[in-house]
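All residue numbers refer to positions in the sequence shown, counting from 1. Everything quoted here is computed from the prediction, not taken from an experiment.
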Amino acid sequence: MTNAKPVLTPMASSPKLTLTSGKALANPTKYRQLVGSLQYLQFTRLDIAFAVNKLSQFMHCPTDDHWQAAKRILRYLAGTPSHGIFFSSKNPLNLHAYSDADWGGDSFDYASTNAYIIYLGTHPISWSAKKQKGVARSSTEAEYRAVANAVAKLRWVCNILTELGIELPTPPTVYCDNVGATFLCANPVFHSRMKHIALDYHFVRGHIQDGALRVAHVHTHDQLTDVLTKPLPRAHFLHLRNKIVVTEASPS
């Protein structure tokens with residue numbers, strides 16, 4: 001793939017990959033080795049995190065379509081060999097996170113994908129794109145589960161910073177683009193239709209009441225974690241890639 005033609009996105013926005021896409025590979029070893037290697041690369045390249053997570057779901061029975069999708073990631077990387085995250089020495093010490101979910105985005109089992117990106121100042125320091133267990137019965141439920149995951153990771157980061165002797169000037173903020181999930185965080189009256197997510201509700205609500213963090217609404221256009229929940233059209237992907245601070249390194 002060294003001289004392969006580069007592409008501008010790591011995964012095509014259509015058609016969507018499923019377990020039944022294409023014909024099963026006679027020898028899936030190369031596919032598993034490639035996707036396994038890409039899992040290490042996404043530790044510093046969050047722009048491929050969704051594509052790698054998606055392909056990881058087919059490890060047990062990969063097909064030729066999945067193999068072509070894996071090679072597309074290599075073509076994308078071939079066009080962006082010097083891209084990465086730049087960490088500046090002059091960076092404010094405030095903590096915030098973006099949380100998002102693609103409700104019922106998997107056309108095979110209709111499970112949702114949730115994702116978060118945690119920033120220390122302007123630097124992304126932790127991110128995740130994972131398929132939710134079970135099927136969410138509403139977009140609010142899917143988004144609230146995503147918020148709970150982001151809050152759990154955010155509190156872990158806060159504990160690490162405390163152990164390092166770093167004091168945050170303001171409580172962290174979690175940005176969510178779902179109005180229902182945002183209102184649920186701020187509503188002291190537990191809604192009867194949300195009893196099935198009671199654990200997540202009380203977990204997030206407890207931290208908000210303690211003043212440890214807050215949850216705020218963000219417009220969908222400014223939701224940076226879209227890039228981790230679904231394959232995006234080229235223009236939107238490139239726009240968000242710059243927003244999440246995956247940029248080309250300046251020549252040394």
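Side-chain contact between Leu77 and Ile48: present, with at least one pair of heavy atoms (C-beta onward) separated by less than 4.5 Å. Between Val174 and His96, the closest side-chain pair of non-hydrogen atoms is not below 4.5 Å. Residues Val227 and Phe50 are not in side-chain contact: their nearest non-hydrogen atoms beyond the backbone lie 4.5 Å or more apart. Between Phe58 and Ser21, the closest side-chain pair of non-hydrogen atoms is not below 4.5 Å. Pro10 has its side chain out of reach of Asp47: every pair of non-hydrogen atoms, C-beta onward, lies at least 4.5 Å apart. A heavy-atom distance below 4.5 Å is not found between the side chains of Leu34 and Ile73. Side-chain contact check for Leu232 versus Leu240: some heavy-atom pair is nearer than 4.5 Å.
Ala115 meets the side chain to side chain contact (heavy atoms under 4.5 Å, CB included) test with Ala129, Thr225, Leu228, Thr229; sequence neighbours excluded. For Arg75, there are no side-chain hydrogen bond (donor to acceptor under 3.5 Å, both in side chains) partners at least two apart in sequence or on another chain. Scored by the side chain to side chain contact (heavy atoms under 4.5 Å, CB included) test, Ser82 finds Glu248 as partners (sequence neighbours excluded).
Taking every heavy atom of both residues into account, Gln57 and Leu19 meet most closely at O-CD2, 4.0 Å. Among all heavy-atom pairs drawn from Cys176 and Thr182, the shortest one is O-OG1, 3.7 Å. Scanning both residues, Pro62 and Met59, for their nearest heavy atoms gives CD-O, 3.5 Å. Closest approach of Ala212 and Pro172 over heavy atoms only: O-CD, 3.0 Å. When all heavy atoms are compared, the tightest approach of Val52 to Gln39 is CG1-CG, 3.7 Å. In terms of heavy-atom proximity, Leu17 sits nearest to Lys54 at O-CE, 3.6 Å.
Distance check, rounded to the nearest 0.5 Å: CZ of Arg45 to CH2 of Trp127 gives 10.5 Å. The distance from the NZ atom of Lys230 to the OG atom of Ser112 is 10.5 Å, given to the nearest 0.5 Å. Leu213 CG to Thr170 OG1: the interatomic distance, rounded to the nearest 0.5 Å, is 11.5 Å. Atom OH of Tyr98 is separated from atom CG of Asp100 by 12.0 Å, given to the nearest 0.5 angstrom. Between the CG atom of Leu154 and the CG atom of Leu95 there is a distance of 5.0 Å, given to the nearest 0.5 Å. Within the model, atoms OG1 of Thr113 and CH2 of Trp103 stand 14.0 Å from one another, a figure rounded to the nearest 0.5 Å.
Residue pairs meeting the side chain to side chain donor-acceptor pair (under 3.5 Å) criterion with at least one partner in residues 231-245, sequence neighbours excluded, are Tyr76-Arg241.
In this structure, Phe43 shares a hydrophobic cluster with Tyr40, the cluster being traced through Ile, Leu, Val, Met, Phe, Trp and Tyr side chains under 4.5 angstrom apart.
In summary, the side chains of Glu143 and Ser99 do not present any donor paired with an acceptor at a separation below 3.5 Å, with no hydrogens or angles considered. Side chains of Glu163 and Asn159: a donor-acceptor N/O pair is absent below 3.5 angstrom, by distance only. Side-chain N/O atoms of Asp65 and Thr63 include no donor and acceptor closer than 3.5 Å.
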Go through the steps to decide whether Val245 and Tyr119 satisfy the test side chain to side chain contact (heavy atoms under 4.5 Å, CB included), and finish with yes or no. CA-CA 10 Å; Val245 205; Tyr119 285 86; 4.1 Å; yes
For a side chain to side chain contact (heavy atoms under 4.5 Å, CB included) check, start with the C-alpha distance between Leu55 and Met11, then their side-chain angles and the critical distance, and finish with the verdict. CA-CA 10 Å; Leu55 295 180; Met11 178 169 278; 4.2 Å; yes
Determine, step by step, whether Ser128 and Asn149 satisfy the side chain to side chain contact (heavy atoms under 4.5 Å, CB included) criterion, reporting the C-alpha distance in whole Å, the side-chain angles of both residues, the deciding distance to 0.1 Å, and the verdict. CA-CA 9 Å; Ser128 173; Asn149 287 336; over 6 Å; no
With side chain to side chain contact (heavy atoms under 4.5 Å, CB included) as the test, would you mind laying out the steps for Ser126 and Trp156 before giving the verdict? CA-CA 11 Å; Ser126 181; Trp156 182 84; over 6 Å; no
Donor-acceptor pairs under 3.5 Å, side chain of residues 84-94 to any protein atom, not counting sequence neighbours: which ones?
from, atom 1, to, atom 2, distance (Å)
Ser88, OG, Lys90, N, 3.1
Ser88, OG, Lys90, O, 3.4
Asn91, OD1, Thr122, N, 3.0
Asn91, OD1, Thr122, OG1, 3.2
Asn91, ND2, Leu120, O, 2.8
Asn91, ND2, His123, ND1, 3.4
Asn94, OD1, Gly121, N, 3.4

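In this structure a side-chain-to-backbone donor-acceptor pair under 3.5 Å is present from Asp64 to Lys23. Checked by atom type and distance alone, the side chain of Asn27 pairs as donor or acceptor with a backbone atom of Thr29 at under 3.5 Å.
At most 12 heavy atoms of other shown residues, nucleotides or ligands fall within 6.0 angstrom of atom NZ in Lys130. Counted within 6.0 Å of NE2 on His60, heavy atoms from surrounding residues, nucleotides or ligands total more than 12; the atom is thus considered enclosed.
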